[in-house]
There are 2 protein chains.
Amino acid sequence: MDLLLKPDGLPPALSDAVMFRNVAAGQTLFQAGDSALELFVVEIGRIKVFRCASEDRLVTLELARAHESFAEAALFLETYACTAIAEVDSRVIVYPTQALLAVLGKLPELAEALMERMVQKIQALEVSLELRDIRAAHRRVLQYLRYLAQAKNQRVVSFDRPLKDTAGELGLTPESLSRALARLELDGMITREQRLITLNDQAVA
Amino acid sequence: MDLLLKPDGLPPALSDAVMFRNVAAGQTLFQAGDSALELFVVEIGRIKVFRCASEDRLVTLELARAHESFAEAALFLETYACTAIAEVDSRVIVYPTQALLAVLGKLPELAEALMERMVQKIQALEVSLELRDIRAAHRRVLQYLRYLAQAKNQRVVSFDRPLKDTAGELGLTPESLSRALARLELDGMITREQRLITLNDQAVA
DNA sequence: CGCATAGTTGACTACGCTCAACCCTGGTGG
DNA sequence: CCACCAGGGTTGAGCGTAGTCAACTATGCG
């Protein structure tokens with residue numbers, strides 16, 4: 001996504017169309033059903049994208065952090081199928097899909113970057129799906145921690161937001177997550193200090 | 001994926017690199033860990049792509065049917081993270097990723113087609129994830145049937161493979177799926193005849 | 001005709017969800 | 001400086017439901 005991070009370097013046809021938007025914490029950027037005209041890149045902050053399954057039930061699909069894009073689906077769909085809200089005060093770069101598609105032919109490296117990002121997303125969703133297939137909460141959490149640690153190539157995982165939210169991402173209730181962590185600690189798989197968790201040797205698999 | 005269906009129409013640089021491969025039912029096309037050098041399109045048959053979660057546990061990630069592509073991740077990753085096997089006798093078109101990437105710049109419509117396909121996949125995975133969040137088996141199955149019916153724009157859904165496999169895709173055991181279907185029929189939501197299921201009025205939501 | 005596999009049904013178990021109470025922290029205001 | 005409050009987090013008790021194991025039936029193929 002390096003390319004989309006600094007619009008100035010892009011062809012005028014595109015960079016002229018780019019906009020910026022500040023989103024306050026809790027504010028929604030777009031809703032399911034809105035016509036999909038824009039693709040976004042997070043400049044600063046954190047955007048949560050989710051589907052409303054059934055009324056009170058919501059499924060977090062991705063958490064776009066700084067420098068990450070989201071809503072690529074807008075490139076080919078009429079309307080958004082998801083809703084996006086800012087978890088904290090954020091600032092996003094807004095790319096009109098028309099302008100993006102128009103310059104794709106001229107900028108193969110942009111197309112490549114977008115595809116690479118999509119592959120990452122597919123991969124992430126696949127991991128989520130794999131995690132959901134682990135029924136035992138403590139096992140699921142452990143595997144999740146392993147993935148996080150592996151991605152950062154270290155054994156310490158720190159959460160920058162309420163465990164409650166993390167629980168939702170894992171398809172667990174906060175209570176279950178709490179119990180799972182307690183059990184993992186008891187079993188000696190992890191040691192924790194608030195939202196800072198260290199994987200012990202035997203947990204690295 | 002129309003473009004990738006008939007390699008003859010593609011630039012020689014690409015079409016010369018294309019290969020075809022017959023895969024017998026049960027035969028594996030590639031395994032997790034293999035170096036990822038090729039992207040595939042199903043000509044005829046059915047390919048199952050899955051991750052091995054933990055030994056005996058496998059998570060179906062996608063089911064590529066005729067004219068559908070899979071293993072796009074190969075474009076940007078060193079090795080496959082999944083395994084692909086043929087569920088029935090199949091024939092696939094094999095695109096070396098190097099050749100594909102090389103002509104992307106010349107063929108914006110190819111890049112666009114690939115991106116569109118990836119968006120479809122992301123969408124499909126998101127739906128899977130949403131389904132997993134429905135705990136009650138009968139509700140999950142009902143929602144699944146609704147999606148299938150909606151996609152085909154009709155109320156009849158017919159399965160061309162064992163319910164056992166469908167159960168796995170839904171993250172259920174065959175027994176649970178069986179019970180769920182029985183209950184849905186009892187509740188008057190569906191009527192079924194073997195692997196042919198019709199959604200009743202009240203089920204369309 | 002018999003074997004293998006798919007599908008169904010039953011009894012039991014296990015584990016996550018729900019609801020509820022409680023602790024702990026940080027922030028606010030008197 | 002402390003009382004209060006709100007929200008996150010933890011812990012407990014009971015329930016519901018999907019998984020498991022098992023037996024049985026149905027179907028298709030040699």
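Below, read A as the first sequence line, B as the second, and so on, with proteins coming before strands; counting in each chain starts at 1.
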Rounded to whole Å, the CZ-C1' distance (R132(B) to dT17(D)) equals 17 Å
To the nearest angstrom, the CZ-C1' distance between R183(B) and dA18(D) comes to 12 Å
Exercise. So, does T28(B) use its side chain to make a donor-acceptor pair with the main chain of I85(B) at under 3.5 Å?
Worked result: no
Heavy-atom contacts, protein to nucleotides 12-21 of chain C, under 4.0 Å, summarised as B (base), S (sugar-phosphate only) or - (none) per nt, yield ----SSBBB-
Next on the checklist: Base, sugar-phosphate or nothing for P162(B)? Non-hydrogen atoms, less than 4.0 Å.
Outcome noted: sugar-phosphate
Quiz item: Under 3.5 Å, side chain of Q194(A) to main-chain N/O of L196(A), donor-acceptor pair present?
Solution: no
Between CD of E185(B) and C1' of dT9(C) the distance, given in whole Å, is 15 Å
Walk me through whether E87(A) and R65(A) qualify under salt bridge (Lys or Arg N to Asp or Glu O under 4.0 Å).
CA-CA 10 Å; E87(A) 278 199 347; R65(A) 294 170 179 277; over 6 Å; no
Between CZ of R139(B) and P of dT17(D) the distance, given in whole Å, is 10 Å
Exercise. When you check the phosphate oxygens OP1 and OP2 of dG9(D), does a side-chain N or O of R195(A) lie under 4.0 Å from one of them?
Worked result: yes
Separation of dG19(D) atom C1' from D133(A) atom CG, nearest Å, is 13 Å
Of dT9(C), dG9(D), dA6(C), the nucleotide closest to the side chain of S178(B) is dT9(C)
Plane angle bin for F30(B) and Y80(B) - parallel if under 30°, tilted between 30 and 60°, otherwise perpendicular: parallel
When rounded to whole Å, the CD to C1' distance for the pair E193(B) and dA26(D) reads 15 Å
Side-chain (S90(B)) to main-chain (R46(B)) donor-acceptor, under 3.5 angstrom: yes
Rounded to whole Å, the CD-C1' distance (Q194(B) to dT8(C)) equals 12 Å
Next on the checklist: I'd like to know if the side chain of R51(B) and the backbone of L61(B) have a donor-acceptor N/O pair within less than 3.5 Å.
Outcome noted: no
R146(B) side chain to A203(B) backbone, donor-acceptor under 3.5 Å: yes
- Within the structure shown, what part of the strands sits under 4.0 Å from R192(B) by heavy-atom distance: base, sugar-phosphate, or nothing? sugar-phosphate
Rounded to whole Å, the CG-P distance (L184(B) to dT8(C)) equals 12 Å
